[in-house]
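Accompanying notes for the structure given below.
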Amino acid sequence: MRTFNHVGIITNENQEGAMFNEGLNVWLTDYSKSLNKIEFLKFDDPAKSCLPELVKSNGHIAYTVPSLDEALKDAKVIFGPAVCDEHLTIAFIEEEGIAIELMEIK
């Protein structure tokens, strides 16, 4: 079962409070501080980011899942799984032509 977490929107504008994620080479805002659960993503140089082209060009919808391993069965995985920290592992899949981020939070 998936639970909506946030939506990722690509921007070319600097966003207040954005933090640079060196591992992904992208500026990110904190979706938990957004009334509408929006995570803005700004790529200074998209070619340097390891994120899939679908994410870099179109953004994504993110869901939390109880088991990432289970959620990825029979899915078209386009990135990951990637351990972000001891509490979060993510993966991106493609469904209906868009990027879906799946997040397992421990």
Side-chain angles (χ1 to χ4, degrees):
M1 178 173 136
R2 296 179 185 177
T3 303
F4 176 77
N5 186 277
H6 68 274
V7 61
I9 297 177
I10 306 303
T11 182
N12 291 322
E13 304 293 321
N14 293 329
Q15 299 293 315
E16 185 176 332
M19 306 226 359
F20 189 70
N21 181 306
E22 279 190 55
L24 300 176
N25 203 37
V26 62
W27 290 91
L28 301 169
T29 60
D30 184 349
Y31 60 83
S32 70
K33 295 179 180 176
S34 166
L35 178 65
N36 295 296
K37 299 293 186 185
I38 297 171
E39 174 186 58
F40 287 100
L41 296 90
K42 180 178 181 268
F43 297 92
D44 290 333
D45 184 353
K48 290 184 179 178
S49 177
C50 62
L51 288 172
E53 190 58 39
L54 199 55
V55 174
K56 294 187 282 189
S57 60
N58 295 320
H60 63 279
I61 300 170
Y63 297 94
T64 56
V65 295
S67 167
L68 198 54
D69 289 337
E70 196 63 34
L72 295 178
K73 286 183 181 174
D74 301 320
K76 183 178 179 184
V77 179
I78 57 175
F79 179 82
V83 176
C84 298
D85 61 35
E86 66 272 11
H87 303 290
L88 176 64
T89 303
I90 66 168
F92 284 91
I93 63 174
E94 182 181 336
E95 288 183 346
E96 299 184 70
I98 65 168
I100 304 293
E101 179 180 10
L102 300 177
M103 308 168 67
E104 181 179 310
I105 301 171
K106 297 179 183 178

Query raised in the report: Just by modelled atom types, is the N25 backbone N or O under 3.5 Å from a matching donor or acceptor in the K48 side chain?
Result: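 Flag not set: sc K48 to bb N25 has no pair under 3.5 Å.
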Query raised in the report: Okay, side chain of N36, backbone of I38: is any donor-acceptor separation there less than 3.5 Å?
Result: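 No, the answer is negative, given that no donor and acceptor are paired below the 3.5 Å cut-off.
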Query raised in the report: What residue among I9, N12, N14, T29 forms side-chain contact (heavy atoms from CB on, under 4.5 Å) with K42?
Result: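 Only match with K42 under side-chain contact (heavy atoms from CB on, under 4.5 Å): N14.
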Can you tell me how far apart [atom1] ([X]) and [atom2] ([Y]) are? Round to the nearest 0.5 Å.
| X | Y | atom1 | atom2 | answer |
| --- | --- | --- | --- | --- |
| L24 | L51 | CG | CG | 4.5 Å |
| L28 | F40 | CG | CZ | 12.0 Å |
| K56 | L41 | NZ | CG | 12.0 Å |
| I61 | E39 | CD1 | CD | 13.0 Å |
| I90 | E104 | CD1 | CD | 12.0 Å |
| L102 | S67 | CG | OG | 10.5 Å |

If I compare all heavy atoms of [X] with all of [Y], which pair ends up nearest, and what's the gap?
| X | Y | result |
| --- | --- | --- |
| A62 | M103 | CB-SD, 4.0 Å |
| S49 | F43 | OG-CE2, 3.5 Å |
| C50 | G23 | SG-O, 3.8 Å |
| G59 | A99 | O-CB, 3.7 Å |
| I105 | L88 | CG1-CD1, 3.9 Å |
| T11 | Q15 | OG1-NE2, 3.6 Å |

Is [Y] reachable from [X] through a run of hydrophobic residues whose side-chain heavy atoms are each under 4.5 Å from the next?
| X | Y | result |
| --- | --- | --- |
| I93 | V65 | yes |
| W27 | I10 | no |
| I100 | V77 | yes |

Requested in this report: Could you check whether the rings of H6 and Y31 sit parallel, tilted or perpendicular, using 30° and 60° as the cut-offs?
Outcome: parallel
Requested in this report: Would you check if there is a donor-acceptor pair between the side chains of S32 and D30 at a distance under 3.5 Å?
Outcome: yes
Report task. Could you pull out all residues at least two apart from E86 that satisfy side-chain hydrogen bond (donor to acceptor under 3.5 Å, both in side chains)? Result ->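 Listed in chain order: nothing, the list is empty.
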